[in-house]
Amino acid sequence: MRIFAIGRNYAEHIKELNNERPDEPVIFTKPDTAVLRNNAPFYYPSFSTDIHHEVELVLRICKEGKNIELPFASKYYDSIGLGIDFTARDLQQKAKEKGLPWDIAKGFNGSAPLSDKFVPVAEFKNLSDINFRLEVDGVLKQQGNTSLMLFSFDYIISYLSKFFTLRTGDLIFTGTPKGVGPVKVGNKLSAYLENEKLLEFEVK
Ligand code: MG
């Protein structure tokens with residue numbers, strides 16, 4: 001299983017980090033050792049003092065494919081879950097300044113908490129109108145709707161598959177809306193897809 005992730009897919013989030021709006025999706029990956037399941041706690045790592053939450057919708061690939069054309073892209077994912085793309089913003093900032101890769105800032109152990117439940121695509125009325133949000137200690141921090149994505153799910157699948165063969169079980173983090181911010185030890189994070197809480201865990 002591989003984890004692909006899209007950066008800078010929501011305009012308001014691009015603004016809050018003073019990033020440039022991309023012409024094509026910004027792609028990075030996380031290793032499978034980044035995954036946390038079963039609402040397992042996230043242990044704050046010693047190498048960073050600025051870990052940020054980024055709540056994201058996550059697609060699950062259901063069929064192997066490469067060079068997938070846009071009209072067929074929707075056949076390659078069958079369910080949608082929630083994940084947190086934890087980011088060591090201090091390490092990422094250094095990497096950005098030097099033009100270096102983001103791997104240690106994005107792919108460290110525990111940097112990808114995932115919901116156990118993935119909702120079948122067929123249960124959504126409109127994939128371009130999905131609401132999701134993140135609360136920290138019961139306070140709303142991030143709220144997104146898929147209508148605000150720069151690149152649609154289908155476009156992301158088609159684009160990624162030009163470079164990487166997608167396989168069943170692969171996961172794609174589709175980008176975070178505005179409102180990213182630091183977490184600290186003791187915080188409780190709760191993520192909702194529409195009004196269903198799919199993910200809840202503590203920072204330790
Ligand atoms: Mg992200």
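Counting from 1, the numbers follow the sequence of the chain as shown. Side chains are part of it too, since the values below use all heavy atoms of this structure and drop only hydrogens, waters and symmetry mates. Read the numbers this way: they start at 1 and go in the same order the structure lists the ligands and their atoms.
Per residue Glu56, closest N, O or S atom to the Mg ion (ligand 1): atom name OE2. Here the N, O or S atom of Asp85 that is nearest to the Mg ion (ligand 1) is OD2. Atom OE1 is the N/O/S atom of Glu54 found closest to the Mg ion (ligand 1).
A distance-only check finds a donor-acceptor pair linking the side chain of Ser161 to the backbone of Ile157 [under 3.5 Å].
Ion pair Asp116/Arg37 not flagged as a salt bridge, since none of the NZ, NE, NH1 or NH2 atoms sits closer than 4.0 Å to an Asp/Glu carboxylate oxygen. The existence of a salt bridge linking Glu12 and Lys15 is confirmed by a sub-4.0 Å separation between a basic side-chain nitrogen and an acidic carboxylate oxygen.
One side chain, Ser48 or Asp90, offers a donor N or O that lies under 3.5 Å from an acceptor on the other.
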